[in-house]
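Beneath this line is the structure, given in structure tokens, with notes to follow.
Reckoned from all heavy atoms, side chains included, excluding hydrogens, waters and symmetry mates. Every chain is numbered from 1 and lettered A, B, ... according to where its sequence line falls, protein lines coming before strand lines.
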There are 2 protein chains.
Amino acid sequence: MTSRTQRNTKAKREAPKSLDRAAWLMAAWRALARSGVEGVRVEPLASELGVTKGSFYWHFADRAALLDALLEDWERRATAAVIDRVDATSEDPRVRLRELVHFTTSVSEAPDAEHAIRAWGAVDGAARKKLDRVDARREAYVRALLIAAGVDEGVASFRAHVVYLALIGEYARVAHGGARTSLDAWEELLRMTLGPSSPRASSA
Amino acid sequence: MTSRTQRNTKAKREAPKSLDRAAWLMAAWRALARSGVEGVRVEPLASELGVTKGSFYWHFADRAALLDALLEDWERRATAAVIDRVDATSEDPRVRLRELVHFTTSVSEAPDAEHAIRAWGAVDGAARKKLDRVDARREAYVRALLIAAGVDEGVASFRAHVVYLALIGEYARVAHGGARTSLDAWEELLRMTLGPSSPRASSA
DNA sequence: ACCTGAACACCGTTCAAGT
DNA sequence: ACCTGAACACCGTTCAAGT
């Protein structure tokens with residue numbers, strides 16, 4: 001409701017001296033990725049930006065409003081970015097699925113932020129809601145890929161869910177500083193996921 | 001290094017008036033499960049316990065020491081509890097695996113705390129280390145079950161990892177307030193996991 | 001329109017002093 | 001051995017006042 005300053009097409013219409021919401025947002029992203037939500041504090045941000053903390057309250061109602069803005073920003077970018085990229089690789093749903101898994105598990109820019117948000121969601125209701133929406137869209141995309149790859153619709157939902165859970169799990173582990181899952185393990189998951197529906201193979 | 005008060009077998013040896021570490025720990029657990037690490041604050045805990053915050057510093061060096069004690073407490077209980085319980089159900093590794101998945105995804109006591117710790121690990125190094133240790137032990141257990149169930153050793157490691165990732169993912173989602181994964185989806189995961197190694201079934 | 005400065009509340013931490 | 005009370009620092013929030 002209070003977003004307006006962000007849509008400056010060129011960002012320096014008037015005087016270059018004063019800050020806008022975008023400047024605070026960027027600083028907040030850095031802080032979030034570095035040390036989680038608790039790291040996003042008004043006073044340190046203010047001194048980083050070279051203003052007093054009182055100035056912050058011109059752009060945002062309070063700290064909660066800043067955090068809200070971070071979530072909005074994330075939702076806008078998180079879903080579309082991945083899906084567009086994956087769709088661009090190939091028409092083959094199997095290739096797309098493989099690309100999705102490999103891409104999302106190997107990016108080294110966003111994961112800190114993605115993670116901070118996920119951890120944040122464990123504590124905060126608003127973050128939780130955003131997460132759920134993004135998760136749902138991503139999982140639906142995986143399900144669509146599986147169905148396009150010939151997996152039975154009935155079993156595709158379960159498998160899409162499992163694949164997405166594993167991705168969430170991977171993000172969680174990597175965020176903890178844990179080792180990344182090997183490509184071999186991901187390939188095994190893809191093999192299982194794209195395979196026939198029951199332990200004993202069905203006839204095509 | 002500074003744990004001593006906890007091992008009172010009966011917990012009321014001397015005078016009932018003064019608190020011990022255990023009392024602070026319990027209050028801290030409640031706060032942690034309720035609102036995450038940031039919710040574990042000395043002053044509110046003190047008033048909840050009816051003492052001044054100054055008293056806290058008799059039992060713990062500082063807030064960090066309290067958080068440390070929480071992690072120790074968790075590690076001691078988290079691993080053994082689940083494994084013992086699962087081992088008690090059956091000799092059949094397939095039954096054990098199913099029980100492990102169903103049990104760990106349906107407990108309604110610990111998950112808040114488990115979650116708070118996992119979210120905490122995304123930000124804090126010490127929590128991260130504890131998490132990694134516990135994760136490693138649990139995953140090794142899953143791998144052992146798979147191998148006992150006849151899954152090839154080579155592929156068992158990958159599958160154990162994937163299963164455990166899915167469990168972590170489930171915890172993460174539920175902690176965000178997300179819906180629990182259906183039993184059907186878990187059964188599908190078990191089916192894939194215990195199934196033959198390649199898309200085309202091998203002969204028994 | 002954007003910022004400063006001073007004020008207040010909350011909480012972590014320290015420490016001398018009490019019992 | 002365990003706790004109080006007062007003090008200080010840090011940070012969120014408000015607001016009158018500046019430009």
Legend entry - 5'-to-3' dot-bracket of DNA chain D (Watson-Crick, G-U; under 3.5 angstrom; crossing pairs as [ ]; | other strand): ||.|||||...|||||.||

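- How far NZ of A:K129 is from CG of A:L131: 12.5 Å, rounded to the nearest 0.5 Å.
- Ion pair A:E153/A:R143 not flagged as a salt bridge, since none of the NZ, NE, NH1 or NH2 atoms sits closer than 4.0 Å to an Asp/Glu carboxylate oxygen.
- Using modelled atom types, one finds no donor on one side chain facing an acceptor on the other under 3.5 Å when comparing A:D62 with A:Y57.
- Atom-to-atom distance recorded for A:E188:CD and B:S157:OG is 10.5 Å, nearest 0.5 angstrom.
- No close placement of the A:W24 and A:F60 rings is indicated, their centers lying 6.0 Å or farther apart.
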I'd like a table of atom pairs between the protein and nucleotides 16-19 of chain D - only N or O on both sides, under 3.5 Å - with the distance next to each one.
none

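- The interatomic distance linking A:W58 (CH2) with C:dA1 (P) rounds to 6 Å, in whole Å.
- Computed from coordinates, the B:F56 CZ to C:dT14 P distance equals 11 Å when rounded to whole Å.
- Atom-to-atom, CG of B:L67 to P of C:dG12 comes out at 10 Å; the value is rounded to the nearest Å.
- Side-chain nitrogen and oxygen atoms of A:Y57 include none within less than 4.0 Å of the OP1 or OP2 phosphate oxygen of D:dT14.
- Shortest non-hydrogen contact noted between A:V151 and A:T193 is CG2-O, 3.8 Å.
- One atom, CZ of B:F60, and another, C1' of C:dT14, lie 18 Å apart when rounded to the nearest Å.
- A:E48 approaches A:R34 most closely through the heavy-atom pair OE1-NH2, 4.4 Å.
- Within residues 40-54 of chain A, the residues having any heavy atom under 4.0 Å from DNA chain C are, by residue number, A:V51, A:T52, A:G54.
- Checking A:T181 against A:E170 by side-chain atom types alone, a donor-acceptor pair falls below 3.5 Å.
- Both A:S55 and A:E38 lie close to DNA chain D; mapped to their nearest nucleotides by heavy-atom distance, the more 5′-ward contact belongs to A:E38.
- Of all heavy-atom pairs spanning A:A156 and A:I147, the tightest one is CB-CG1, 3.6 Å.
- Across all their heavy atoms, A:I117 and A:W29 have their closest contact at CD1-CH2, 3.9 Å.
- For A:H59, no side-chain nitrogen or oxygen approaches OP1 or OP2 of C:dA1 to under 4.0 Å.
- The distance from atom CG of A:L66 to atom P of D:dC11 is 16 Å, rounded to the nearest whole Å.
- Between B:E75 and B:R137, at least one side-chain N (NZ, or NE/NH1/NH2) sits under 4.0 Å from a carboxylate O, which counts as a salt bridge.
- One atom, CZ of B:R63, and another, P of D:dC11, lie 14 Å apart when rounded to the nearest Å.
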